[in-house]
Protein chains: 2
Amino acid sequence: MENEYRSTLQNLKLKTTPKRLAILEVLAQESIYLSPEEIWQRMKKRFQKIGLPTIYRNLEELSEGHVLSKVVLPNRQRYYYLCRNQSHHHHFVCLYCRKVEDIHFCGVKEIEEEVRKRIKGRIFSHILQVNGLCSECSRLKRDGHEG
Amino acid sequence: MENEYRSTLQNLKLKTTPKRLAILEVLAQESIYLSPEEIWQRMKKRFQKIGLPTIYRNLEELSEGHVLSKVVLPNRQRYYYLCRNQSHHHHFVCLYCRKVEDIHFCGVKEIEEEVRKRIKGRIFSHILQVNGLCSECSRLKRDGHEG
DNA sequence: TTGTCTGCAAATCATTTGCAATATT
DNA sequence: AATATTGCAAATGATTTGCAGACAA
C-alpha cells in the first residue's frame with residue numbers, strides 16, 4: 001500500500017514526504033470525495049504541524065498527475081477523490097453521502113466523430129460526471145429516513 | 001427577439017427589467033462564453049449605473065431557469081453562455097476563442113442503464129463538456145499563427 | 001400598493017503567494 | 001550540497017450579503 005504510493009510519487013517526480021503519503025492514505029481510507037479543508041482536519045490528527053497551503057499544493061499536484069480526480073459541484077469549492085482505477089473512466093457521484101463510483105461507459109468516441117465531421121475541431125479533454133443518489137441513499141430517501 | 005426574452009422571463013416568473021433584458025442581449029450577441037465581469041463591462045456601455053451584484057444575481061437566476069448554461073473551467077471563475085437550443089444537449093467549448101457549439105450526442109441512456117443495473121442508484125443530473133479547439137482555431141494553431 | 005429588483009459598500013471565504021526554515025535525494 | 005517541500009502570515013479576488021431606495025406588475 002504505502003510502497004504503491006511511494007512509486008506513484010516517484011513516477012510523478014515528487015519527493016516522498018510523510019505529508020504527501022498521508023494525504024493519499026487519508027483519501028484512500030474513504031470512498032467519498034473530500035474538500036481540502038476536510039482533508040486538513042484529518043491530517044491534523046496525524047501531524048502536529050500541518051498547513052492548509054500544503055494540502056492545497058499537494059492536491060493540485062496529485063490531481064495534475066492524475067492520481068486524484070476532481071469532483072465538480074455547483075459551489076465554488078474543490079473536492080478530490082482517489083482514483084483506484086487507472087484506465088479512462090468517469091464518475092457517478094452521490095450527492096447525499098458523497099460516495100464516488102466508477103462509470104465504465106464513455107461516449108467520447110461518438111463525440112469525437114461529431115467533432116471531426118461537423119465541428120471540424122480537435123478535442124483536448126472532456127468532463128463527464130453523473131450526479132445522483134447511490135443505492136443506499138436512494139433507499140433511505142424512499143423510506144423517509146433522511147436526516 | 002426582445003419579445004422572446006420578455007416571455008422567457010415571464011415564464012420564469014422574473015420581472016422584465018431593462019437590465020435583465022440587456023444581459024440576455026449581451027450574451028446573445030456573441031456565441032462565446034463570458035465571465036460575470038466581462039458581462040459587466042459590456043453592460044456599463046448601456047447603463048450609467050449598473051452594479052456587479054446585479055449581474056451575478058441575474059446570471060444565477062437565468063442559469064437556474066436553464067436559459068443560460070455554465071461553462072466549467074479549471075480556474076475558479078464562472079462563465080455563462082446563452083443556449084439557443086432548448087432541447088437537451090451538451091457543449092463543445094473552444095479553449096482558445098471561447099466559442100461554444102452544441103453537441104447532439106448524449107450517452108446518458110447507456111449511463112442510466114449502468115446506474116440502474118450496477119450502481120442501483122438514481123440520476124439527478126449530469127455534466128458533459130468537451131474541451132478543445134474549434135475548426136478555425138485548430139487551423140490557426142496548425143499553421144503557427146497563434147498570438 | 002406590494003413585492004421584486006438594484007446599487008453600494010462591506011463582508012466572506014476558498015485559494016494563493018512570499019519567504020525563510022526544513023526535509024529529501 | 002542542491003533542490004524541493006513546508007509553515008506561517010498576509011494577500012487575493014471572485015462571489016455574496018445587508019439594506020435602503022427605485023421599479024415593475
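Quantities reported herein were computed from a predicted structural model and do not represent experimental measurements. Order of the sequence lines sets the chain letters (A, B, ...), proteins ahead of strands, with each chain counted from 1.
For residues 60-82 of chain B, every residue pair satisfying the ring pair (Phe, Tyr, Trp, His ring centres under 6.0 Å) rule, not counting sequence neighbours, is listed here: B/Y33-B/Y79, B/Y81-B/H91.
Of the residues in residues 32-44 of chain A, not one comes within less than 4.0 Å of DNA chain D through any heavy atom. Of the residues in residues 70-79 of chain A, those with a non-hydrogen atom less than 4.0 angstrom from any atom of DNA chain C are A/R76, A/Q77, A/R78.
Remark: the backbone N or O of B/T54 is not paired with any side-chain donor or acceptor of B/W40 at under 3.5 angstrom. Checking side-chain atoms of A/E101 against main-chain N and O of B/I119 turns up no donor-acceptor pair under 3.5 Å.
Atom CD in A/E60 sits about 14 Å away from atom C1' in C/dA14, given to the nearest Å. With rounding to whole Å, B/Y80 atom OH is found 11 Å from D/dA14 atom C1'. A straight line from CG of A/L12 to C1' of C/dT25 spans 17 Å, rounded to a whole angstrom. Regarding B/Q10, its CD atom lies at a distance of 16 Å from the P atom of C/dT4, rounded to whole Å.
Defining each end axis of the helix from C/dT1-D/dA25 to C/dT25-D/dA1 as the rotation carrying four pairs' C1' atoms onto the next four, with five pairs an end, the two axes are found to diverge by 50° to 10 degrees.
Here B/K109 pairs with nothing under the salt bridge (charged side-chain N to carboxylate O under 4.0 Å, His left out) rule; sequence neighbours left out. Scored by the salt bridge (charged side-chain N to carboxylate O under 4.0 Å, His left out) test, A/E110 finds no partners at all (sequence neighbours excluded). Partners of B/N85 by side-chain contact (heavy atoms from CB on, under 4.5 Å), not counting sequence neighbours, listed by chain and number: B/S87, B/H89, B/D102, B/H104. Residues satisfying the side-chain hydrogen bond (donor to acceptor under 3.5 Å, both in side chains) test with A/S35, not counting sequence neighbours, are A/E38. Evaluation of the salt bridge (charged side-chain N to carboxylate O under 4.0 Å, His left out) rule for B/E64 yields no partner, not counting sequence neighbours. Residues that satisfy the salt bridge (charged side-chain N to carboxylate O under 4.0 Å, His left out) test with B/K70, not counting sequence neighbours, are B/E60.
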> With the sugar-phosphate defined as primed atoms, P, OP1 and OP2, and the base as all remaining atoms, what B/S/- string results for nucleotides 4-10 of chain D, 5' to 3', for protein heavy atoms under 4.0 Å?
Replying inline: SSBBBB-
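A salt bridge links B/R116 to B/E113: at least one charged side-chain nitrogen sits closer than 4.0 Å to a carboxylate oxygen.
Considering every non-hydrogen atom in both A/C94 and A/C97, the closest pair reads SG-N, 3.4 Å.
Look at A/Y56 and you'll find a side-chain N or O under 4.0 angstrom from OP1 or OP2 of C/dT15.
B/R98 has its side chain out of reach of B/V93: every pair of non-hydrogen atoms, C-beta onward, lies at least 4.5 Å apart.
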Per-pair distances, 0.1 Å, donor-acceptor, side chain in residues 12-30 of chain B, under 3.5 Å, sequence neighbours excluded:
unit_1 : atom_1 : unit_2 : atom_2 : d
B/T17  : OG1    : B/R20  : N      : 3.2
B/K19  : NZ     : B/K49  : O      : 3.0
B/R20  : NE     : B/K15  : O      : 2.9
B/R20  : NH1    : B/N58  : OD1    : 2.8
B/R20  : NH1    : B/E61  : OE1    : 2.9
B/R20  : NH2    : B/K15  : O      : 3.3
B/E25  : OE1    : B/R46  : NH1    : 2.7
B/E30  : OE2    : B/R42  : NE     : 2.5
B/E30  : OE2    : B/R42  : NH2    : 3.3

